[in-house]
Amino acid sequence: LTAFDGVVLAHHGLVTWGDDSELCDQRVVDAVAAAEAYLRAHRTYAKSVVVPELSDDALRALLIRLRGRLSATAPRVLVVDERLRAVADRPDLSAVVAAGVASADHMLWTGPWSCAVTTPTDLDAAVATVDSAERDYVAYFKRHRADEAEAPIMHDPLPKVLLVPGVGALVAGTDTADARRRADVALHTHTVAAQGLDAFGSVEPLDEDAVFDWDYWPQEQAKLRAEVRAGTLVGRVFIVTGAASGIGQTVARHLCEQGANLVVADLDSEGLDAAVTEARRVGRSEPVPIVGDQADEAVVKETVRIAVRRF
């Protein structure tokens, strides 16, 4: 291999070598640039479908319904990621999803497959899509568990990433930071699939045996067995009014210590900033501050709307 600068491992990644780390880094940059140029030169896909943006009301209804469904096994928040809009709007979205992950490592964050919710205004159909994805994962697990000497613990069978035309992606997590990490990985993995489809017309996903081997890699199973949810309120969402001082501030701090996701509201903007800083220090999630009079019905409605949109 001394005549080469590196090697590409299918469904895994790129390894380069050189006399020092700077040379290795440069060879990674050069290889990625060459690959990107090749893909651009061979691009055959022409976008021909314009998907209208989902209305605020329709998105709010979808978030409420799907957050409830995806919290069936454990409480979760949903983060909207518009960066995946171009992928979600593609007419071949099902092929992008079927391609699976670009790298086996991505599976730890996104799961083996994302879920395409192609009927976002039909809430019953959207939930049925998630139901189907859950059944598919359970069936996949049952097909392979018999091959294992020691039966592994099944991961949560619900999808972590939902691709929604007119929106982008809805990404589930225990808190917003967790969901955004998953969204970052999903952006990369689905962009790779889309670029492959554009250049070659088809992509070759990992075969299911290999998917299972990575999905249930023993070291990850050890992590799963040892995992302890940090706090009794992880994945739950609360709106705390009067959070700038006194009881409200104490309640907000306690909820954050227990892993909750918060919207904190008060008339006192400076006190609210201090409460957010303290909550951020002791908690996992970033509290959302809202300055306003919660005795005003319009302010209350806006507060709830923001909570739904953010979590």
Side-chain angles (χ1 to χ4, degrees), residues 56-57 59-82 109 123 127 130 156 158 160-162 167 169-184 223-224 226-311:
D56 288 344
D57 287 345
L59 177 57
R60 183 162 56 251
L62 182 67
L63 286 169
I64 292 171
R65 190 73 179 273
L66 288 182
R67 183 175 181 271
R69 178 63 184 90
L70 293 170
S71 295
T73 50
R76 288 179 176 82
V77 301
L78 275 184
V79 165
V80 179
D81 194 314
E82 297 175 351
W109 292 99
L123 300 182
V127 170
V130 174
D156 191 316
L158 288 167
K160 299 175 179 65
V161 179
L162 310 177
V167 176
L170 305 182
V171 186
T174 56
D175 53 45
T176 54
D178 178 45
R180 289 189 181 113
R181 283 192 295 269
R182 297 180 192 279
D184 287 343
K223 288 182 184 178
L224 188 64
E227 183 178 299
V228 177
R229 290 172 68 86
T232 58
L233 299 177
V234 168
R236 299 189 183 277
V237 180
F238 294 84
I239 297 173
V240 181
T241 60
S245 62
I247 294 175
Q249 188 179 67
T250 301
V251 168
R253 185 182 190 280
H254 176 71
L255 292 174
C256 275
E257 286 177 334
Q258 296 303 312
N261 301 274
L262 294 188
V263 172
V264 289
D266 204 290
L267 283 168
D268 178 1
S269 60
E270 291 185 4
L272 201 57
D273 288 342
V276 168
T277 299
E278 176 63 11
R280 189 188 298 123
R281 185 183 69 81
V282 301
R284 293 160 46 102
S285 187
E286 180 78 15
V288 179
I290 297 176
V291 178
D293 184 1
Q294 295 295 321
D296 184 334
E297 183 177 353
V299 174
V300 172
K301 288 181 178 180
E302 179 64 8
T303 300
V304 174
R305 185 194 70 78
I306 290 173
V308 170
R309 183 64 172 75
R310 291 291 295 269
F311 298 116

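The basis for the numbers below is simple: all heavy atoms, side chains too, and nothing from hydrogens, waters or symmetry mates. Since this is a predicted model, take the numbers as computed values, not measurements.
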Below 4.5 Å, heavy atoms only, C-beta onward: do [X] and [Y] meet side chain to side chain?
X	Y	result
H254	Q258	yes
I239	I290	no
V251	F238	no
V288	R309	no
L170	L62	yes

Using 0.5 Å steps for rounding, measure from the [atom1] atom of [X] to the [atom2] atom of [Y].
X	Y	atom1	atom2	value
L78	I64	CG	CD1	11.0 Å
E257	E278	CD	CD	8.0 Å
T174	R76	OG1	CZ	9.0 Å
D273	D266	CG	CG	11.0 Å
L272	Q249	CG	CD	9.5 Å
L262	D175	CG	CG	11.5 Å

What is the minimum heavy-atom distance between [X] and [Y], and which atoms define it?
X	Y	answer
V291	S269	CG2-CB, 3.8 Å
T176	E286	OG1-N, 4.2 Å
A265	Q294	CB-NE2, 3.4 Å
V240	G248	CG1-O, 3.5 Å
V161	A169	CG1-CB, 4.4 Å
A244	A275	CA-CB, 4.5 Å

*asked:* Looking at R181 and D184, is there a salt bridge between them, counting it only when a charged N and a carboxylate O are closer than 4.0 Å?
replied: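 Not counted as a salt bridge, because no side-chain N and carboxylate O are separated by less than 4.0 Å.
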*Thinking salt bridges, do D56 and R60 make one under a 4.0 Å N-O criterion?*
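No, no charged N to carboxylate O under 4.0 Å.
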*May I have the step-by-step check of side chain to side chain contact (heavy atoms under 4.5 Å, CB included) for L158 and R69, ending in yes or no?*
CA-CA 9 Å; L158 288 167; R69 178 63 184 90; 3.5 Å; yes
*In sequence, state the C-alpha distance, the side-chain angles, and the governing distance for L63 and V80, and then conclude on side chain to side chain contact (heavy atoms under 4.5 Å, CB included).*
CA-CA 9 Å; L63 286 169; V80 179; 4.0 Å; yes
*Taking it one step at a time, do V263 and R310 satisfy side chain to side chain contact (heavy atoms under 4.5 Å, CB included)?*
CA-CA 9 Å; V263 172; R310 291 291 295 269; 5.8 Å; no
_Full working for side chain to side chain contact (heavy atoms under 4.5 Å, CB included) between V237 and R67_ = CA-CA 11 Å; V237 180; R67 183 175 181 271; 3.2 Å; yes
*Are there more than 12 heavy atoms of other residues, nucleotides or ligands under 6.0 Å from atom CD of E82?*
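Atom CD in E82 is not packed in, count stays at 12 or less.
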